[in-house]
Amino acid sequence: MNRDLEKWVEECAAQARPDRVVWIDGSEAEQSALIEEAVAEGVFARMNEQTHPNCFYHRSNPTDVARTEHLTFICAPTKDDTGPTNNWMSPEDAKAKIWPLYKDAMRGRNMYVIPYVMGPLGSPISKVGVEITDSRYVVANMRIMTRIGTAALEQLGESTDYCKGFHSLGDLSPDRRFIAHFPETRTIWSIGSGYGGNALLGKKCYALRIASVMARDQGWLAEHMLIVGIENPKGEVTYIAAAFPSACGKTNLAMLIPPDSMPGYKVWTVGDDIAWMKFGPDGRLYAINPENGFFGVAPGTSMKTNRNALLSTQKNSIFTNVALTDDGQPWWEGIGYDAPGPLTDWKGNRWESGSAEKAAHPNSRFTAPARQCPSISKEWETPNGVPISAIFFGGRRARTAPLIYESFDWKHGVFVGASMASETTAAATGAVGVVRRDPMAMLPFCGYNMGDYWAHWLRMGEKSDKVPKIFHVNWFRTGADGKFLWPGFGENLRPIVWALERTQGKGAAVETPIGFVPTPEALHTESLDVSPAALEELLSVDPEDWQAELAGQAEFFATFGDRLPPEIQRQHDNLKKRFAH
Ligand code: O2Y
Ligand code: MN
C-alpha cells in the first residue's frame, strides 16, 4: 500500500464520516454489485437490454446540469498567479470555507476510493489520480472515462506523484457548491454537484486545470484538444490536434466521416476533448488522449451528424438527462427521428411531441467507452503518443474569421490561439450566444495566469525546429440571411486536407493581414454544394470586422497587465499595422 495515499484517505474519512470506505479495484464483480446498488438507490435505471445492453440512465438534480464556472476556483497562493480569467480563493480561505462542508457529509453513505490513470497504462506521458467520492454515478462514469482500479495503484506504487480529488455530493445545494483546485499540492475539492466536469475529477479538473500547471512546470502541454489521424488515399496517416471551445463540434470532428466526394480518405479518432503533448526525441510533438471514453453532448447527435458517436453509445454506456421512451431507449432533440410516442423527460415528467419544453436537457450527455467507437484509431493507446503535424484553433464566429487560415509561424500561431473568441453555448451555465474570448479554448480550464500560459506556449516553440504548423478554422460563419455559409460535418475535411498540404509545402494560398488563406480552388471543391459567392465570402477578410476584432483583443489583453508576454503584444501591434497598410 501507498502510505501517503492511506493517510489522505484516513484524513478525508475522518472529516466526512462515511459508513464504509470502499477501495475500487476495477473488477467486473465490483462493477455489477455497484450497479445493482445504484439501481436500488434510484441513481440508475436499466435501459432496454435488447437495443442498449448494459446501458444505464441517470437524471441529475435539475439545479445541477452543467459545469458551474462561477463556483469553480483556483486556490493558488496569490490572485496574480491565477490571472484575470479565473476565480481565485486563497488556500487559507478555501480551507476555512470549503473543508467544513465535508464534515459528516458522507454519513449514511459509502466513501469510494477510485485510483485511476489518465492516459494509456504504462505510457510515460500518463499520470495517476485518486478520486474519493460518495457517488456511485461518479464511480460508474470514472470507470468508462479513465482506467481505474488495481492497475492504477500498481502504476502509482509508493510514489506521492498523484492528484488527490475529494468529491462529495454534499446536499447538492448550489449555495454550498464549490469546485476548488490547489495547483501547488495537486489537490481538488469538489462538493455540492454530482454532474459531469464538476464531479468526474479526472477530466476538466485534473487533465486540464491541474495538468496545465504540471505541464508548465515540466515543459509539456495539457490542452483542450481533440486528436485525429487523417488517412489519405495512399494510406498515409497524419495526426492533427484541434482546440475548439465547448460544444463547437470537437466530438464531431474527432469522429468525422469523409464525404463521398473524397474517396480513399479516412479519419481515425484518438481523442475528442483533451490532449497531453510532449516533444519526442526526434523533436516532434507527440500527443496522447488521457481519457478512456467520451462524455459527449447528446442533443444534435444523430446518424447523420455523428454516426460514429451514436454507434459508440449502443452498449456499456451511461445516458444522463436525456429523455427516455417507455421501452427504455434514449431520445433527444436532434436524434434524427421523431419521438416514438410519449416520453419521460429529463426532469422525470411525461412529455409529448409538440410540448414547449425540451424533452432532453440541452447539455444532456452520453458516457461511452472510446474503444467502442467505429472510427477509433489503432494507435489511440500507443504509449508514446501520435506525432502531431498541425494544430487547429477555432471558434464559433458568425462573422470576422474566415473558414480557415494559416498562421505565419509558431509565435504568430500562439497569438492566433491567444486571441480566439467564440459565441457561448449551453455546455456551461450562463447566457447563450454571447461572444467571449476563449484563448486556446482554455478559458475555463487553464489552472494559472493565462499570460504565463501564453509565455509557456511561446517557450515550447523554442524547444524544437519541428513544431506543428498552426491554423485557425471557423465552421460557423453566416451570410446576410443568418444561415451558415459552410455545410460543416464531413465537408470540414476539405480545409483540413488543404492545411495538411500546406505542411508539405503544397496548397495554394493568398497572404492576408491575418495569415495565409486558401484560394477557392485549393479547397478541393469538387461536388461541394457551396456557391462561388458563398465561398468567396467564407474566405474573405473584412477590414472593418477586423477593426472591431482588434479593439476586442486590445481590451482583453489589457486585463493581463504586465503578465501579458511582450511577444503577444508585438503580434497584436503587427496585425494592426498590417491592416493599416
Ligand atoms: O463536463 C460537463 O459538465 C459538461 S461540459 C463538457 C463535457 C465533455 C467535454 N467537454 C466539455 C466542455 O465543456 O468543454
Ligand atoms: Mn471539452
Side-chain angles (χ1 to χ4, degrees), residues 58-72 118 131 135 137-138 141-142 144-146 165 167 172 174 177 179 188 190 192-209 211-212 222-227 241-255 269 271-276 289-301 306 309 312-313 317-322 346 360-368 370 393-396 420 422-430 432 436 438-446:
H58 174 78
R59 231 176 252 131
S60 71
N61 184 298
T63 67
D64 185 26
V65 291
R67 288 185 291 102
T68 39
E69 289 174 15
H70 63 294
L71 302 174
T72 299
M118 297 307 292
E131 174 162 358
S135 159
Y137 170 80
V138 166
N141 274 273
M142 287 292 283
I144 297 174
M145 295 304 296
T146 71
H167 170 254
L172 285 179
R177 181 176 298 160
I179 296 91
I188 303 155
S190 166
S193 167
Y195 191 80
N198 288 344
L200 313 179
L201 302 186
K203 193 171 177 59
K204 305 299 189 180
C205 298
Y206 182 13
L208 289 176
R209 296 194 191 98
S212 61
E223 299 301 324
H224 190 201
M225 289 183 180
L226 67 91
I227 311 163
F244 307 149
S246 305
C248 280
K250 277 205 309 297
T251 304
N252 287 350
L253 178 54
M255 300 177 192
T269 311
D272 79 327
D273 196 40
I274 299 175
W276 284 357
N289 170 11
E291 301 191 278
N292 192 38
F294 308 122
F295 189 64
V297 71
T301 305
N306 195 339
S312 306
T313 67
S317 297
I318 296 168
F319 294 86
T320 305
N321 291 344
V322 302
W346 71 275
H361 187 276
N363 193 36
S364 53
R365 298 272 162 176
F366 54 78
T367 320
F393 293 122
R396 182 182 283 268
M420 252 171 76
S422 192
E423 286 150 23
T424 52
T425 70
T429 47
V432 170
R436 76 168 182 178
D438 193 349
M440 281 86 167
M442 283 288 278
L443 187 87
F445 305 123
C446 182

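Each ligand, and each atom within it, is numbered from 1 in the order the structure gives. All values below were derived from every heavy atom in this structure, side-chain atoms included, with hydrogens, water molecules and symmetry-related copies excluded. A quick note: this is a predicted structure, and the numbers were derived from the prediction, not measured.
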For the Mn ion (ligand 2), how many protein N, O or S atoms come closer than 2.8 Å?
->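 For the Mn ion (ligand 2), the figure is 3.
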Numbered atoms and elements of ligand 1 in range of [X], under 4.0 angstrom, heavy atoms:
{"X": "Asp273", "value": "9 (C), 10 (N)"}
{"X": "Arg365", "value": "4 (C), 5 (S), 6 (C), 7 (C), 8 (C)"}
{"X": "Tyr195", "value": "3 (O)"}

Taking the side chain as every heavy atom from C-beta outward, state whether Pro439 and Phe393 have any atom pair closer than 4.5 Å.
->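 Heavy-atom side-chain distance check fails, nothing below 4.5 Å.
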Between the side chains of Thr301 and Asn306, is a donor N or O closer than 3.5 angstrom to an acceptor N or O?
->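 Judged by distance alone, the side chains do not pair up.
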Specify whether Tyr137 and His58 have parallel, tilted or perpendicular ring planes, treating 30° as the upper limit for parallel and 60° as the lower limit for perpendicular.
->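 Ring orientation of Tyr137 relative to His58: parallel.
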Would you mind telling me if ligand 1 is within reach of the side chain of Lys250, the backbone, both or neither, using heavy atoms under 4.0 Å?
->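 Under 4.0 Å from ligand 1, Lys250 contributes no heavy atoms.
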Distance-only check: which donor-acceptor pairs under 3.5 Å involve side-chain atoms of residues 292-300, not counting sequence neighbours?
| from | atom 1 | to | atom 2 | distance (Å) |
| --- | --- | --- | --- | --- |
| Asn292 | ND2 | Ile144 | O | 3.4 |
| Asn292 | ND2 | Thr146 | O | 3.3 |

Closest non-hydrogen atom pair, Asn198 against Ser190 |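 For Asn198 and Ser190, the tightest heavy-atom pair comes out as O-OG, 2.6 Å.
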Who are the salt bridge (Lys or Arg N to Asp or Glu O under 4.0 Å) partners of Arg177, not counting sequence neighbours?
->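 Arg177 satisfies salt bridge (Lys or Arg N to Asp or Glu O under 4.0 Å) with Asp64 once adjacent residues are dropped.
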N/O of [X] under 3.5 Å from N/O of ligand 1, yes or no?
{"X": "His224", "result": "yes"}
{"X": "Phe445", "result": "no"}
{"X": "Ser246", "result": "yes"}

Could you state the interatomic distance from [atom1] ([X]) to [atom2] ([Y]), rounded to the nearest 0.5 Å?
{"X": "Leu226", "Y": "Thr269", "atom1": "CG", "atom2": "OG1", "result": "9.0 Å"}
{"X": "Asn61", "Y": "Ser193", "atom1": "CG", "atom2": "OG", "result": "9.0 Å"}
{"X": "Arg67", "Y": "Phe445", "atom1": "CZ", "atom2": "CZ", "result": "3.5 Å"}

Would you mind listing every salt bridge (charged side-chain N to carboxylate O under 4.0 Å, His left out) that reaches into residues 193-204, with sequence neighbours excluded?
->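 Those involving residues 193-204 are Lys203-Asp273, Lys203-Glu291, Lys204-Asp273.
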Hey, looking at atom 1 (O) of ligand 1, which of Ala441, Ala199, Gly197, Ala66 has the closest heavy atom?
->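 Answer by nearest heavy atom: Gly197.
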